[in-house]
Structure formats: structure tokens, C-alpha cells
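Start at 1 and go down the list; that is how both ligands and their atoms are numbered. Please read all numbers here as calculations on a predicted model, not as lab measurements. Computed over heavy atoms, backbone and side chain alike; hydrogens, waters and symmetry mates excluded.
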Amino acid sequence: MKEVTVFDHPLIQHKISILRKVETGNKEFRELVEEITMLMCYESMRDLPLEEVEIQTPITTTKTNMLAGRKLAVVPILRAGLGMVNGVLNLVPAATVGHIGLYRDEQTLEPHEYYCKLPKNINTRQIIVVDPMLATGGSAVSAVNFIKQRGGEKIKFMCIIAAPEGIRALQTAHPDVEIYCGHVDEKLNEHGYIVPGLGDAGDRIFGTK
Ligand code: PRP
Ligand code: URA
């Protein structure tokens, strides 16, 4: 089973604290989600392979390192995952973007699929699934199921806040998936919300409540 990486960087922790505040408005919330994603992405891409290439500088030719091999695909879980896409694309503009539409039934907390479109040759890509919240883990487990059913193999999952229950569920269902998160919170409440959490991430990004 892969280990969970929790980012303890002060900038990430500070920005997550502002994100949690009930008085943080939609615009600032969106900006923070993007910034936090960028910071987490920087760290989580540490193992991307490099290859040596020869280039010409204004002074001479030289050998230097550039990203090699697997191309990156970022796959947000709709809706809230959309808020994280630009954070990844700012760092890796050549990444392709897939989409998986899932919503949680408010009563049963079971995820329901309504959309799935992944980039071509998904089996050759390093895939990073993004969603700000890992609560029961149902949505993340389903999203990874869809990707694997369509041939995806090398998968990372990145969220901003995780509940211990969600981490356990994702690790149990998909022990090969590397999990990255900004903070592990205490627990889920009786409605399946993360405590202390930040509320409904989709509603706060898109201003729907
Ligand atoms: C939220 C969140 C995750 C999911 C996490 O989405 O963005 O996708 O819940 O919960 P889980 O780990 O228990 O599955 P939601 O279903 O509210 O949809 P939305 O993004 O469209 O608001
Ligand atoms: N989805 C959210 O947006 N927030 C939670 O706390 C749990 C699931």
C-alpha cells in the first residue's frame, strides 16, 4: 500500500486555514483552491522522470534535463475538482484534461456517475485525479474505478482536505494509488461532512449556496 503524503508546508497550511473560514467569499475561495493546488502539485510531481536533451543557448550548445516519458493527464471529479484544474495546468500546461462527473446522494452518500470523458491513450499517461474533498471516499473510489476500467494505470489522487475514513476507503479499494492531501481532519459528521472541514466545496467554489 502506498503511503499518504500530507503537506506540512506553512504556506499550504496557512491558505487552508483561510479556506476553512466561514467568512471567506467565493472569489477568494476559488483563488485559494487554485494556489493550494499549485503548491501541492509542485511537490507531488517530484518523481516525474527527466531526460537529457541537447539545446542551444545564446552562448553554446549544452545538455540539460526536460520532462520525459509519460504525459500527464489531470482528471477533476466534477464539480468541485474543476477548481483545482488550473492549479495543475499552471505548472504543467501540456497536461491533458479528463472529466468525471459524480455527485453524492445526500441521503445514502453513494456516488452517482453522470459523465466520463478521458484523454486518448490514458494507459500511457501519469494520471492525477483532483477533488478538494475526500470524505467517505465513495467518489474517489468510483473515479479511480472508471479510470482503471478505461485502461488507466498510473494514478495519483490529490485532495485538499481528507477524512481518515476516506483515506482508508481509497487505500483499501486501490492500494496502488498514491494519495496526496493538504490536511487530514478529525472525522465525518452524521451527514457525511468532514469535521472541521470547510463545508460544501462545490457550493463555495461556484457560489451555489
Ligand atoms: C463532494 C466533493 C467530492 C465528494 C466527496 O462532491 O467534491 O466529490 O463530495 O465525498 P465522498 O468522499 O463521501 O464521496 P459532491 O458530491 O457534493 O458534488 P459537487 O462537487 O457537484 O458539489
Ligand atoms: N463534500 C464536501 O464538499 N464537503 C464535505 O465536507 C464532504 C463532502
Write out the residue and atom name of the closest protein heavy atom to atom 8 (C) of ligand 2, then the distance separating them to 0.1 Å.
Arg104 NH2, 3.5 Å
Looking only at protein heavy atoms, which one is nearest to atom 21 (O) of ligand 1, and what is the separation?
Arg79 NE, 3.0 Å
Name the closest protein heavy atom to atom 5 (C) of ligand 1, giving the residue it belongs to and the distance to 0.1 Å.
Met133 O, 3.6 Å
For ligand 1, indicate whether the residue Ala201 contacts it via side chain, backbone, both or neither (heavy-atom separation under 4.0 Å).
neither
Consider ligand 2: state whether an atom of it lies below 4.0 angstrom from any non-hydrogen atom of Ala163.
no
What's the verdict on salt bridge (Lys or Arg N to Asp or Glu O under 4.0 Å) for Arg30 and Glu34, showing C-alpha distance, side-chain angles and the deciding distance?
CA-CA 6 Å; Arg30 273 195 298 275; Glu34 190 172 320; over 6 Å; no
Please state which protein non-hydrogen atom is closest to atom 3 (O) of ligand 2 and give its distance, to 0.1 Å?
Ala201 N, 2.9 Å
To which protein heavy atom is atom 6 (O) of ligand 2 closest, and what is the distance rounded to 0.1 Å?
Ile194 N, 2.8 Å
of all protein heavy atoms, closest to atom 4 (N) of ligand 2 is Gly199 O, 2.8 Å
Distance from atom 14 (O) of ligand 1 to nearest protein heavy atom, with residue and atom:
Ser139 OG, 2.6 Å
Can you find a protein heavy atom under 4.0 Å from atom 1 (C) of ligand 1?
no
Nearest to atom 8 (O) of ligand 1, what protein heavy atom do you find, and at what distance?
Asp131 OD2, 2.4 Å
Is Arg20 close enough and on-axis enough to Phe29, meaning under 6.0 Å and within 45°, for cation-pi?
no
Please test Leu134 against Glu165 for side-chain contact (heavy atoms from CB on, under 4.5 Å), starting from the C-alpha separation and ending with a verdict.
CA-CA 9 Å; Leu134 178 64; Glu165 294 89 333; over 6 Å; no
Give yes if a backbone or side-chain nitrogen or oxygen of Gly192 is under 3.5 Å from a nitrogen or oxygen of ligand 2, and no if not.
no
re atom 5 (C) of ligand 2, the protein heavy-atom contact at minimum distance is Tyr193 CD2, 3.4 Å
For residues Tyr180 and Glu178, is any side-chain donor paired with an opposing acceptor at under 3.5 Å?
yes
Using a 4.0 Å cutoff against the non-hydrogen atoms of Tyr103, which atoms of ligand 1 qualify?
16 (O)
For the residue pair Asp185 and Val195, establish whether any side-chain heavy-atom pair is separated by less than 4.5 Å.
no
Distance to 0.1 Å, residue and atom name: give those for the protein heavy atom nearest to atom 10 (O) of ligand 1.
Arg104 CD, 3.2 Å
Check whether any heavy atom of Gly137 sits under 4.0 Å from an atom of ligand 1.
yes
Ala80-ligand 1 polar pair, N/O distance under 3.5 Å
yes
Atom 18 (O) of ligand 1 sits nearest the protein heavy atom Leu102 O, 4.1 Å
Report yes or no: do Thr208 and Arg79 form a side-chain donor-acceptor pair below 3.5 Å?
yes
Could you say whether the N/O atoms of Leu134 and ligand 1 ever approach to under 3.5 Å?
no
Taking atom types as modelled, is there a side-chain donor on Arg125 or Thr96 under 3.5 Å from an acceptor on the other?
yes
Nearest option to atom 1 (N) of ligand 2, as decided by whichever heavy atom of His191, Arg79, Met133 sits closest:
Met133
Name the closest protein heavy atom to atom 13 (O) of ligand 1, giving the residue it belongs to and the distance to 0.1 Å.
Thr136 OG1, 2.5 Å
